[in-house]
**Student:** 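Below are the structure tokens for one structure; questions will follow.
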Amino acid sequence: MVTELSAKPAFSLSSTAQSGAANYPGLDDWRDLPISQQPSWQDRDVFDASVKELSVLPPLVFAGEVDVLRERLAAAAQGKAFLLQGGDCAETFEAATADKISARVKTILQMAVVLTYGAAMPVIKMGRMAGQFAKPRSSNEETRDGVTLPAYRGDIVNGYEFTPESRGHDASRMLRAYHTSASTLNLIRAFTQGGFADLRSVHQWNKGFTENPAHARYESLARDIDRAIKFMDSCGADFEALKRVEFFASHEALLLDYERALTRIDSRTGFPYDTSAHFLWIGERTRELDHAHVDFLSRVRNPIGVKLGPSTTGDDALRLIDKLDPEREPGRLTFITRMGAGNIREKLPAVVEKVTASGAQVLWVTDPMHGNTVTSPNGYKTRNFDDVIDEVRGFFEVHHSLGTVPGGLHVEMTGDDVAECLGGADPIDQDAFLDRYESVCDPRLNHMQSLEMAFLVAGALTRH
């Protein structure tokens, strides 16, 4: 794996005396290690003030919720549950509206219902939401028409508009990211705990979406669920468990200034938790064993994910386990494989075999999006739906052949009717990109393609 942008920024939390609200042995060791993909903040005073405020704001998630998730992920690693993780490639402040958030939650709930009903297995529902504001970039700069400006690194760092004012690295954006995440989590909790997620509303989740093959198939499944619920109702069954769902938040822990400032010490246990999200992952670009991201996340109690690309070896995986999960704690470590459709069947088996032989029990999750990115003939960054589907099939084939557990799906998706990935049952072609391509970073599955994916995975789980 090649590290990009390995130089330290002009200044960051790693070069200041501030340590955030949490003080714990080793929690700041990452400051002295190589670090990549970090901003060069423009104004030191703004940075210091932002970090100081973040360090005393209330946690976005709570340690008890994090502990519950760890238990759920441990069950998934044993084949007793399945993780569904989905959401935007890069959230934006402007898109944090009630309509867009509810559409995304509805889509995840629909996918989860398909998986649960089709595979007769509990589904852990997790959004790439309420914090997915930072993005790694392959270059520090972007040039258009002879003008060179800093690359867009996500709304938590700078703006997407191609102007000097927008592209400057503004640390006050971390505060806006916090408050936008808080608002998003508030809505998610209201949706999932206040009756919106009641399983007797499976038909309601489909309203407002355009008719297409995936929706018709979902309606048929919803009718089956209705009949089952009416039967249980006539038998006097208790429906309390159907009225609300657990929903967890996750994002890539890329911006360590933000993550460190939101780390808190749990009053029950005395351990540090990163309270920016329940689940955090380390990207393919930042998973170097002796670098800052791996070191920092090895110190917090959250469940941790690591993206593994096609260059990953079995020894790489074992070293990551030793660093991030030295106690071999169930539910602690998730490996999110992103090999690409052309590599998954060839590259994944050796890694899984090596980890399995070591006795470590990690959760294996497939990310079929990031290894299949191409450029369309008309110049848009896209993915072919057939390639995405093929990587998912390959993931299940590998685990089936090895007798190991395919434990989850990680997808970039939206509840909106966008056109960003080519293909699907109601095919998207490149001409649709001109009017319906909305992502500021990577292409996402739209609502219909997401449902198609859920039916595919449900079938694979049933066969497995």
Side-chain angles (χ1 to χ4, degrees), residues 1-15 30 33-43 47 88-93 128 131-171 173-174 177 251-259 281-288 290-294 306-312 336 338-340 367 369-383 412 420-421 433 437-444:
M1 180 178 57
V2 176
T3 302
E4 298 160 336
L5 312 178
S6 59
K8 287 194 176 187
F11 67 87
S12 73
L13 191 56
S14 61
S15 59
W30 65 273
L33 298 175
I35 187 169
S36 59
Q37 297 289 340
Q38 301 303 288
S40 295
W41 301 117
Q42 291 179 312
D43 190 312
F47 172 82
D88 270 328
C89 163
E91 291 180 285
T92 63
F93 298 150
R128 285 174 55 111
Q132 184 57 18
F133 291 112
K135 293 298 297 181
R137 310 304 296 181
S138 57
S139 175
N140 279 321
E141 297 174 331
E142 178 183 359
T143 300
R144 298 185 192 177
D145 300 324
V147 177
T148 299
L149 294 174
Y152 172 64
R153 290 189 167 275
D155 274 15
I156 196 170
V157 175
N158 57 359
Y160 185 71
E161 186 181 1
F162 195 72
T163 65
E165 296 76 18
S166 175
R167 291 298 179 92
H169 293 181
D170 178 4
R173 284 177 166 266
M174 289 192 290
H251 63 259
E252 180 178 357
L254 184 66
L255 185 53
L256 292 191
D257 294 337
Y258 182 78
E259 305 301 337
W281 75 84
I282 303 166
E284 171 77 355
R285 289 183 170 103
T286 53
R287 63 172 173 83
E288 291 88 346
D290 57 350
H291 284 211
H293 289 83
V294 170
V306 185
K307 292 287 190 80
L308 302 181
S311 66
T312 307
I336 307 168
R338 40 152 298 177
M339 304 285 185
D367 168 4
M369 307 295 290
H370 287 89
N372 297 300
T373 305
V374 296
T375 301
S376 67
N378 62 347
Y380 285 83
K381 193 176 184 181
T382 189
R383 289 151 178 158
E412 291 181 337
E420 296 170 1
C421 292
F433 294 167
Y437 195 105
E438 298 179 9
S439 175
V440 297
C441 194
D442 290 343
R444 305 159 295 174

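The residues of the chain are indexed from 1 along the displayed sequence.
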**Student:** Test of understanding: with side chain to side chain donor-acceptor pair (under 3.5 Å), list the residues that count as partners of T312, not counting sequence neighbours.
**Tutor:** R287

**Student:** Quick one: closest heavy-atom pair of P136 and E252, and the distance?
**Tutor:** CD-OE1, 3.7 Å

**Student:** Which value, rounded to the nearest 0.5 Å, describes the distance between L254 atom CG and K135 atom NZ?
**Tutor:** 8.5 Å

**Student:** So do D290 and P34 actually touch side chain to side chain, heavy atoms under 4.5 Å?
**Tutor:** no

**Student:** Between R338 (side chain only) and G371 (backbone N and O only), is there a donor and an acceptor less than 3.5 Å apart?
**Tutor:**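 Flag not set: sc R338 to bb G371 has no pair under 3.5 Å.
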
**Student:** State, without any angle test, whether H251 and E259 hold a side-chain donor-acceptor pair at a distance under 3.5 Å.
**Tutor:** yes

**Student:** To the nearest 0.5 Å, tell me how far K381 NZ sits from C89 SG.
**Tutor:**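 The SG atom of C89 is 6.5 Å from NZ of K381, to the nearest 0.5 Å.
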
**Student:** Sequence neighbours left out, what pairs pass salt bridge (charged side-chain N to carboxylate O under 4.0 Å, His left out) with at least one residue falling in residues 370-379?
**Tutor:** none

**Student:** Testing the basics here: between N158 and A151, what is the closest heavy-atom pair and its distance to 0.1 Å?
**Tutor:** ND2-O, 2.9 Å

**Student:** Are F133 and F93 close enough that their ring centers fall under 6.0 Å?
**Tutor:** yes

**Student:** Side chains of S138 and R285: closer than 4.5 Å at any heavy-atom pair?
**Tutor:**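 S138 vs R285: side chains touch.
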
**Student:** Run the side chain to side chain donor-acceptor pair (under 3.5 Å) test against T373 and tell me which residues pass, sequence neighbours left out.
**Tutor:**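 So T373 forms a side chain to side chain donor-acceptor pair (under 3.5 Å) with R383.
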
**Student:** Quick one: does I156's side chain get under 4.5 Å of Q132's, heavy atoms only?
**Tutor:**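 No, too far: nothing below the 4.5 Å cut-off.
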
**Student:** Identify the heavy atoms of T382 and C421 that sit nearest to each other, and give their distance.
**Tutor:**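 Residues T382 and C421, closest heavy atoms: OG1-CA, 3.6 Å.
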
**Student:** Rounded at 0.5 Å granularity, tell me how far CD in E420 sits from CZ in R444.
**Tutor:** 4.0 Å

**Student:** Could you tell me which non-hydrogen atom of Y258 sits nearest to which non-hydrogen atom of M174, and how far apart they are?
**Tutor:**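 Heavy atoms only, the tightest pair is CE1-O, 3.5 Å.
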
**Student:** For residues Y160 and C441, determine if any side-chain heavy atom of one lies less than 4.5 Å from a side-chain heavy atom of the other.
**Tutor:**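 Of all side-chain heavy-atom pairs linking C441 with Y160, none is under 4.5 Å.
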
**Student:** To the nearest 0.5 Å, how far apart are OH in Y437 and OH in Y380?
**Tutor:** 8.5 Å

**Student:** Can you find a pair of side-chain heavy atoms, one from Q38 and one from H293, that are under 4.5 Å apart?
**Tutor:** yes

**Student:** With a 4.5 Å heavy-atom cut-off, do W30 and V294 have their side chains touching?
**Tutor:**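 Of all side-chain heavy-atom pairs linking V294 with W30, none is under 4.5 Å.
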
**Student:** Does R173 have any side chain to side chain donor-acceptor pair (under 3.5 Å) partners at least two apart in sequence or in another chain, and if so, which?
**Tutor:** none

**Student:** Under the side chain to side chain donor-acceptor pair (under 3.5 Å) test, which residues partner D367, sequence neighbours left out?
**Tutor:**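 Scan of D367 (side chain to side chain donor-acceptor pair (under 3.5 Å), adjacent residues dropped) gives K307, H370.
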
**Student:** Under 4.5 Å between any side-chain heavy atoms of H169 and F47, yes or no?
**Tutor:**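 No, their side chains stay 4.5 Å or more apart.
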
**Student:** Which atom pair, heavy atoms only, marks the closest approach of T286 to Q37?
**Tutor:** CG2-CG, 4.0 Å

**Student:** Salt bridge (charged side-chain N to carboxylate O under 4.0 Å, His left out): which pairs involve residues 155-168, sequence neighbours left out?
**Tutor:** E142-R167

**Student:** Indicate the atoms forming the closest heavy-atom contact of I35 with L256, along with that distance.
**Tutor:** CD1-CD1, 3.8 Å

